[in-house]
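Step one of this worksheet: look at the structure below.
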Amino acid sequence: MKKLFSIFLCFTVSFFIFAQEVMKPEILKKINDNVFEVVVKKVEDESIVYERDLPFDSIDFSIRNDKYIPIGTAFLLEDGLFYSAAHVFSIYEDSFHPDYYIRDVNQNVYKVENITALSTRRDFISFTVPEYTKKTGSGLKIQKKLEMNTNVFSVGNALGEGIIIRNGLLTSQTYETQDGEWKWLRFSAAASPGNSGGPLVDSNGNVLGIITMKSQNENLNYALPMEEMKKVPENIAQIKLKLKYKLPNIFNKSQNFDFNLELPLPMTYTSLHAKATAAYRQEINKTISTMRNQYNPEKEKGFSNAKEAEFFFFDSKTTSFPHTIFYSESNEWDFGYAMLSSKSLPDNGNIDYCEMLGYDCCLVTKPESVNIEQFLSDPDEYLKYVLDATKMCRYVGSESVPIKSFGKPSKSEKYVDYFGRTWLVNLYDIKFADSAYLSFALPLPTGVYVMSVAGSKEMVTTSNYLDMKFVADHVYTSYIGNYQQWKDFLALKKEIAGELPAFLKEITINQGENTGKDNSLNKSNFLTIETKKFKISIPENIIKTDDDTKICLSAIMEKKDKKVLVSINNVIVLTNSKKDNYTYISMKNLKKPSDKNKQLAGSFDQLANQTAPYNSEPYNYEKYTYLDCVSFPKGKDKNNADEVFLNCYELLGQNCFDEIKALAQEMKQYITIK
């Protein structure tokens, strides 16, 4: 689960020219004078806290002291314009690099200003650099005549190591794959990351095309013929993309969409980027909204309308670690969970974590000494455990340095999900890698459940931000804590944890004296939990309400007026199972399923008919003694009940039959079905 953030200090040195002897010295000089590195300014993060000092001294001197990051190549033609590959400039993607520059052989840096031509389909861009003074006779020429199996040279900032020239053959021309609208030049000269945007030249230094991409399967690379630049409208920036979008928990369904945008040119890079980024984000929002409108819980393709929907509505699930509802590759909705790792935290705290759906998912049980309000008020309080468990690191050269904190978030907000639960959302800048970190945190009585992701700034702030909202709508969790934790959780201020969801507002948890069914006042203290359907009171002689007493509430889903609602249907109270006086008491309400689902209908009939083990008779299983009994709403019986109430008991040790019968008999007077 390691995140390897490249330091992005791409190995920059002074221009180094290597070529075979077939190039004359004057040709080498001309290339040297007219090919440039494309660079952006380094950005550092003063707010990020690391486990130790970053070992910058382990990086080469030239890289360590370079104020810029090389990202590609550009070249000057004799028409006075600079040319490169469009993808080098991140035209429609959000970035921490607002400006782009070119750097010449003498390490002089000039700002890219006006964009004069752009086509993302053909992957080329041209621009002006006003600060650069063009010398008389400078600029490369275009070679229109193409001869296969002749020597060509790739020129570019290969691997960020300065401008390098490598030779090969012009092997063929091949149609672009989408519509066959033009033919790429294919060549065998080596091309590495950083070569993008550089010229493909002949032995006279004349430009055949712009290097754009590398073949994935063999050592053949691609360049756009220079003539193709004339086949797009003048003074128009064309951004045309065919994209496919998938929601993380919808495994085998995707949404295809086109992003087409035309903007007038010339235009400053700053303005063009702002307009293109805004339009691209709007298109992403629209696409995700379309998918959400199809797959939201109550929508046409949501789980409430699936053939397996009744599995979600029949019973609740008691989950120590939250599950995520997902649409599988076999076209079925199901509860998803992953293999967990666990790590102890100070003062009886704990973190369970896994990687799921491309996110780091962590259940953080806070240290007992930390107040829940303090814990949730500052995201650094829980994210320090998340970062440590998931091994978030920064790579500097060959060394990895763990990140302890991202500092203060650049953006904080609350997201109320489909079921009314409030998630604490925090976004962090990772400027050195042009990246971001996003966390969604759901407050719980024992701490917080966190989903987080790191990636490029564009990906995190658009797709991941919207995706995570959709995934949050499909998270299913029980609410577990001891009595004091529940008191603190239910008392949290709205400003800190948001509004409680409706299904938690409907329940009450109290401690005090209680009146039994015969209206006699029992002077013992009772733990009383009341839901919409029932009330259960447990006297302290059975389970004493202290920090060892756990209360677990689980919710059942139901569909009403096409909306999927949740309500608490299962209450569990138990002591620590490691102690001799371990006692478990639960009360659950289950509704009758339709006859269409024979499996669930059979389960309900087993309950309604009080078939073993639901016959109020004790039994052994593993190291425990159990007793399960069924009751019905007032005026109902097994023949006409559309819901049942299941009351379960557990005691540590086998053959505790008399004890568990006495427990069940005593508790009868303290259970009320509404």
Exercise for the section: Run the numbers on T128 and L81 for side-chain contact (heavy atoms from CB on, under 4.5 Å), then give the verdict. Expected result: CA-CA 6 Å; T128 62; L81 295 176; 3.6 Å; yes

Hey, is [X] close enough to [Y] for a salt bridge, meaning N to O under 4.0 Å?
X    : Y    : result
E413 : K411 : yes
K404 : E51  : no
E181 : K231 : no
D45  : R394 : no
R122 : E176 : no
K242 : D179 : no

What one should report as the nearest heavy-atom pair of N249 and I325 is ND2-O, 3.0 Å

Of all heavy-atom pairs linking H273 and S90, the shortest is CD2-O, 3.1 Å

- Output, in order, the C-alpha distance, side-chain angles, deciding distance and verdict of side-chain contact (heavy atoms from CB on, under 4.5 Å) for I125 and I115. CA-CA 7 Å; I125 189 172; I115 307 302; 3.9 Å; yes

Using the six-membered ring wherever Trp is involved, compare the ring planes of [X] and [Y] and label them parallel, tilted or perpendicular (cut-offs 30° and 60°).
X    : Y    : answer
Y280 : Y92  : tilted
F503 : Y479 : perpendicular
Y327 : W333 : tilted
F303 : F312 : tilted
Y428 : F406 : tilted

Quiz question: by atom type and distance under 3.5 Å, do the side chains of [X] and [Y] form a donor-acceptor pair?
X    : Y    : value
T462 : E458 : yes
Y415 : D473 : yes
N157 : T73  : no
T270 : T268 : no

Check: F470 ring centre within less than 6.0 Å of Y295 ring centre
no

Given the options H474, E298, R292, Y418 meets side chain to side chain donor-acceptor pair (under 3.5 Å) only with E298

Please indicate whether [X] has more than 12 foreign heavy atoms, meaning atoms of other residues, nucleotides or ligands, lying under 6.0 Å from its [atom1].
X    : atom1 : result
K41  : NZ    : no
K240 : NZ    : no
Y337 : OH    : no
K505 : NZ    : yes
Q178 : CD    : yes

**Request:** Evaluate the criterion side-chain contact (heavy atoms from CB on, under 4.5 Å) for residue pair R121 and V232; output intermediate values, then yes/no.
**Result:** CA-CA 10 Å; R121 278 274 287 126; V232 298; over 6 Å; no

**OP:** Please report the C-alpha distance between Y476 and H323 in whole Å, then the side-chain angles of each, then the deciding distance to 0.1 Å, and finally whether the ring pair (Phe, Tyr, Trp, His ring centres under 6.0 Å) criterion is met.
**Re:** CA-CA 5 Å; Y476 179 92; H323 291 2; 7.3 Å; no

**Study point:** Side chain proximity check, Y269 to L272, heavy atoms < 4.5 angstrom
**Key:** no

- Donor-acceptor under 3.5 Å (S439 side chain, S452 main chain): no

(request) Before giving the answer on salt bridge (Lys or Arg N to Asp or Glu O under 4.0 Å), spell out for D94 and K457 the whole-Å C-alpha distance, their side-chain angles and the decisive distance to 0.1 Å. (result) CA-CA 6 Å; D94 198 7; K457 184 183 181 186; 3.6 Å; yes

- Query: Taking it one step at a time, do Y245 and F257 satisfy ring pair (Phe, Tyr, Trp, His ring centres under 6.0 Å)?
  - Reply: CA-CA 8 Å; Y245 194 86; F257 70 98; 7.1 Å; no

Tested for ring pair (Phe, Tyr, Trp, His ring centres under 6.0 Å) against Y100, the lone hit among Y68, F127, Y110, F89 is F89

Per ring pair (Phe, Tyr, Trp, His ring centres under 6.0 Å), F36 is matched among F82, Y101, F75 by F82

